[in-house]
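First comes the structure, then the notes that go with it.
Naming: A, B, ... by sequence-line order, numbering from 1 per chain. Below, each value reflects all heavy atoms present in this structure, side chains not excepted, and no hydrogens, waters or symmetry copies.
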Amino acid sequence: TPVIDKILCYSCNIYRFSLWVSYFKVSYARPSSASIRDANLYVSGLPKTMTQKELEQLFSQYGRIITSRILVDQVTGVSRGVGFIRFDKRIEAEEAIKGLNGQKPSGATEPITVKFANNPSQKTNQAILSQLYQSPNRRYPGPLAQQAQRFRLDNLLNMAYGVKSRFSPMTIDGMTSLAGINIPGHAGTGWCIFVYNLAPDADESILWQMFGPFGAVTNVKVIRDFNTNKCKGFGFVTMTNYDEAAMAIASLNGYRLGDRVLQVSFKTNKTHKA
DNA sequence: TCAGATT
């Protein structure tokens, strides 16, 4: 559809047009039947360089692919290393799991995980559910919440009087891009924080409650054992702003949660294997 | 004692 997006000359009617072209796919819905139900696979551990085409090539040996997708970071556009493959038939998906789960694609250094995808209609929004949950000590702010509150006030004063904090995100980001150095925990979309010594029954809501008062938290995760579903003793929190993350770490490292003393720091790259 | 990711 041509659209006038600029009038270059009113008197002689010269316009600049822009032309937007959209592509649609229209097709009959596939008749539902047991044979095509649950034929959708979730794939993780993909090499970040793998394209959708290469992903399809890898899986096409097991059957007809209906759709495929690689998830990308919304900011950087780079692959998140996870994706989806929907096969025509469930039996094809089962064969693909048998053949590819735990295998290294040619040229890859890490094995991929292939399993049936969750059904998106039954997903729960963990973040919203957790944040709706309010514990009594949140309603009556303790020392922790007061510290976070002071910090926010401090931020407002900085903004009002133009005082730059030494932890200002601008300074840090400028340093990062100029020197090309890697700062622990910095993931591009936020600052990843490692929380150690969580109790086996810890859940995401406790992380939201602890870190939320310090600023913008975009993600929390309690790492659980696959079989027991108990917390493995640690978790991760992603915060948007460096100074808020730094304040949360400074305040929460050594914090006593129940009968445990937490260790809180920026996430490092160390692996738990070997 | 430093993951997993769900269109």
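- Within residues 79-104 of chain A, the residues having any heavy atom closer than 4.0 Å to DNA chain B are, in order of number, R80(A), V82(A), F84(A).
- What separates CE of M50(A) from C1' of dA5(B) is a distance of 17 Å, to the nearest Å.
- What separates CZ of F236(A) from C1' of dA3(B) is a distance of 5 Å, to the nearest Å.
- Regarding R224(A), its CZ atom lies at a distance of 12 Å from the P atom of dG4(B), rounded to whole Å.
- Residue E204(A) contributes atom CD, which lies 16 Å from atom P of dA3(B) at whole-angstrom precision.
- Here dG4(B) is the nucleotide among dG4(B), dT1(B), dT6(B) with the atom lying nearest to any side-chain atom of K221(A).
- Listed candidates were dG4(B), dT1(B), dA5(B). Nearest to the side chain of I223(A) is dG4(B).
- Protein atom NZ of K267(A) is 12 Å distant from nucleotide atom C1' of dT1(B), rounded to whole Å.
- Linking ILVMFWY side-chain heavy atoms closer than 4.5 Å, directly or via other members, places I112(A) and V72(A) in two distinct hydrophobic clusters.
- The salt bridge (charged side-chain N to carboxylate O under 4.0 Å, His left out) contacts involving residues 207-219 of chain A comprise nothing, where partners must be two or more places apart or lie in separate chains.
- N253(A) has its CG atom 13 Å from the C1' atom of dT1(B), to the nearest Å.
- One can place CG of L207(A) at 14 Å from C1' of dC2(B), the figure rounded to the nearest angstrom.
- Among residue pairs with one or both ends in residues 87-107 of chain A, those qualifying as salt bridge (charged side-chain N to carboxylate O under 4.0 Å, His left out) are R30(A)-D88(A), D38(A)-R90(A), R64(A)-D88(A), R90(A)-E94(A), E95(A)-K98(A); sequence neighbours excluded.
- Listed nucleotides dT1(B), dA5(B), dC2(B) differ in distance to Y196(A); the shortest reach to its side chain belongs to dT1(B).
- Among residues at least two apart or in separate chains, there is no salt bridge (charged side-chain N to carboxylate O under 4.0 Å, His left out) pair with a member in residues 50-61 of chain A.
- The hydrophobic cluster containing V82(A) does not contain I70(A), counting ILVMFWY residues as joined when their side-chain heavy atoms lie under 4.5 angstrom apart, directly or transitively.
- Pairs of residues two or more places apart, or lying in two chains, that qualify as ring pair (Phe, Tyr, Trp, His ring centres under 6.0 Å) and include a residue from residues 64-84 of chain A are Y42(A)-F84(A).
- Residue pairs meeting the ring pair (Phe, Tyr, Trp, His ring centres under 6.0 Å) criterion with at least one partner in residues 52-75 of chain A, sequence neighbours excluded, do not occur; the list is empty.
- One can place CG of N118(A) at 9 Å from P of dT6(B), the figure rounded to the nearest angstrom.
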